[in-house]
**Student:** 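So that we are looking at the same thing, I have put the structure below in structure tokens.
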Amino acid sequence: MQRYSEIMRIKFFKTIFFILILILYSKNIFSQSGVLDNIAASVNGYQKQYLQEKIYVHSDKSFYVAGEIIWFKIYNVEAASYQLLDISKVAYVEIIGKDQKPVLQAKISLKGGLGDGSFYLPFSINSGNYILRAYTNWMKNYSPDYFFEKNITIINTTKKLGLRPKTDSADYDVHFFPEGGNLVNDMGSKVGCKTVDRSGSGVDFEGIIVNQHNDTITRFHPLKFGIGNFSFTPASGDQYKAIIKTADGKLTTVDLPQPLSQGFVMQLK
């Protein structure tokens, strides 16, 4: 009986000891948890106080004609992690002219750091090189260097073309090759086009064909190595020229071969 009592006493003290260990361990855990919570709160407070947004705008292209619509999508992210931010609810998008003044402005709603919008390019806009700029109200707390900017070109074919290359157009050599050898009035032809730089290497470009009234007839671009083609039917009495914009933003205007009043055209299929 005495042996049994000693055993029970030992078990009792072991149980008490185990409970005390659990209490001390739990207290330590809670204490550490509080420290971690404080650290997390400090980090969150710092991020909110010194948060830096970075905005990106993806437009459908960079070369437009008056009367078209610029479609774009906005991504607003945290500058350090590039994770989408759901803080700013509005983005401001502008098209800036050469005088550094906005010619078009829009407010775009943001949801979860994403937004989309568009600009209609009126026929009153002048031909020229512009800047597509975007920012949030929060970003105005910092330097404008943090704003998003992208170069775009707008051509108004209803006005006198004010676009000229910044340097000698001889920087690029543009050639046109009607498939049958010549263009013939009122007859459709496939026309090859090749654009090369001074070293003779093909360059990427975007081009449009306009008539003497600056009406846009067709658009074209190279398939590879600066070589491409387009279908074209010259009208009797009209004159045509091509406006070529290379990847570096330079513009070159080239007259198309003079169409014949009579003749034959050939097409290889």
Side-chain angles (χ1 to χ4, degrees), residues 59-70 98 121 123 125-130 151-269:
S59 61
D60 56 337
K61 51 186 178 179
S62 58
F63 186 50
Y64 298 90
V65 174
E68 290 187 325
I69 296 176
I70 299 178
K98 62 182 180 180
L121 298 176
F123 287 102
I125 198 167
N126 293 322
S127 299
N129 295 310
Y130 292 82
N151 295 322
I152 63 172
T153 299
I154 300 172
I155 294 179
N156 190 336
T157 58
T158 65
K159 291 187 175 185
K160 183 178 179 180
L161 292 174
L163 294 172
R164 293 294 182 269
K166 294 182 180 178
T167 59
D168 187 359
S169 60
D171 285 347
Y172 298 101
D173 206 1
V174 183
H175 299 279
F176 294 99
F177 308 97
E179 190 171 21
N182 294 286
L183 293 172
V184 180
N185 284 329
D186 303 316
M187 299 187 69
S189 297
K190 180 180 286 187
V191 182
C193 178
K194 182 178 181 181
T195 301
V196 297
D197 57 20
R198 287 182 175 180
S199 66
S201 300
V203 296
D204 192 21
F205 67 87
E206 295 181 46
I208 62 172
I209 303 296
V210 298
N211 61 14
Q212 71 273 22
H213 305 296
N214 288 329
D215 296 327
T216 301
I217 306 302
T218 189
R219 298 172 177 272
F220 60 100
H221 58 83
L223 301 176
K224 201 171 185 181
F225 306 124
I227 301 174
N229 62 76
F230 57 91
S231 296
F232 176 58
T233 304
S236 299
D238 283 353
Q239 297 177 345
Y240 302 93
K241 56 187 174 183
I243 301 172
I244 304 294
K245 180 190 176 187
T246 50
D248 57 4
K250 294 180 180 178
L251 295 158
T252 305
T253 302
V254 182
D255 291 330
L256 260 65
Q258 187 66 32
L260 301 177
S261 58
Q262 293 182 343
F264 297 91
V265 297
M266 298 177 60
Q267 290 188 1
L268 178 63
K269 295 185 178 181

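Heavy-atom basis, side chains included; hydrogens, waters and symmetry copies ignored.
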**Student:** What I'd like to find out is whether the side chain of I152 reaches to under 4.5 Å of the side chain of I70, using heavy atoms alone.
**Tutor:**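 Heavy-atom side-chain distance check passes, below 4.5 Å.
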**Student:** Do any side-chain atoms of residues 220-236 form donor-acceptor pairs under 3.5 angstrom with protein atoms, and if so which ones, sequence neighbours left out?
**Tutor:**
unit_1 : atom_1 : unit_2 : atom_2 : d
S236   : OG     : D186   : OD2    : 2.7

**Student:** Any donor and acceptor pair, going by atom type alone, linking the side chain of S59 with main-chain N or O of K61 inside 3.5 Å?
**Tutor:**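 Side chain of S59 to backbone of K61: a pair is present.
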**Student:** With a cut-off of 3.5 Å and sequence neighbours excluded, list every side-chain donor-acceptor pair involving residues 203-211.
**Tutor:**
unit_1 : atom_1 : unit_2 : atom_2 : d
N211   : OD1    : H213   : N      : 2.9
N211   : OD1    : N214   : N      : 3.1
N211   : OD1    : D215   : N      : 2.9

**Student:** Please round to the nearest 0.5 Å and tell me the distance separating atom NZ of K250 and atom CG of D197.
**Tutor:**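 Output value for this atom pair is 10.0 Å.
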**Student:** K98: what forms a salt bridge (Lys or Arg N to Asp or Glu O under 4.0 Å) with it, not counting sequence neighbours?
**Tutor:**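 Partners of K98 by the salt bridge (Lys or Arg N to Asp or Glu O under 4.0 Å) criterion come out as none, since no residue qualifies.
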**Student:** Any side-chain to backbone donor/acceptor pair from Q239 onto Q212? Under 3.5 Å, distance only.
**Tutor:**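 Judged by distance alone, no pair lies under 3.5 Å.
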**Student:** Check T153 against K245 and note the closest heavy-atom contact, atom names and distance.
**Tutor:**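 The answer is OG1-NZ, 2.8 Å.
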**Student:** Could you walk me through whether L183 and V191 pass side chain to side chain contact (heavy atoms under 4.5 Å, CB included), step by step?
**Tutor:** CA-CA 9 Å; L183 293 172; V191 182; 3.7 Å; yes
**Student:** Could you tell me whether the side chains of N126 and Y130 share a donor-acceptor contact shorter than 3.5 Å?
**Tutor:**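 There is no such pair (donor and acceptor under 3.5 Å, judged by atom type) between the side chains of N126 and Y130.
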**Student:** If you compare all heavy atoms of F176 against all heavy atoms of A242, which two are closest, and at what distance to 0.1 Å?
**Tutor:**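 Looks like CZ-CB, 3.4 Å.
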**Student:** From E68 CD over to F63 CZ, what is the distance, rounded to the nearest 0.5 angstrom?
**Tutor:**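 Those atoms lie 9.0 Å apart.
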**Student:** Which is it for C193 and V174 under the side chain to side chain contact (heavy atoms under 4.5 Å, CB included) test, yes or no, and what are the steps along the way?
**Tutor:** CA-CA 7 Å; C193 178; V174 183; 4.2 Å; yes
**Student:** Give, for atom OG1 of T253 and atom CD1 of I243, the distance between the pair rounded to the nearest 0.5 Å.
**Tutor:**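 Taking OG1 in T253 and CD1 in I243, the distance rounds to 5.0 Å.
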**Student:** Hey, does the side chain of N156 reach the backbone of I125 with a donor-acceptor pair shorter than 3.5 angstrom?
**Tutor:**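 Side chain of N156 to backbone of I125: a pair is present.
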**Student:** How far does OH of Y64 sit from CD1 of I155, to the nearest 0.5 angstrom?
**Tutor:**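 The CD1 atom of I155 is 13.0 Å from OH of Y64, to the nearest 0.5 Å.
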**Student:** Any non-hydrogen side-chain atom of Y172 less than 4.5 Å from a side-chain atom of I244?
**Tutor:**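 With C-beta onward as the side chain, the pair stays apart.
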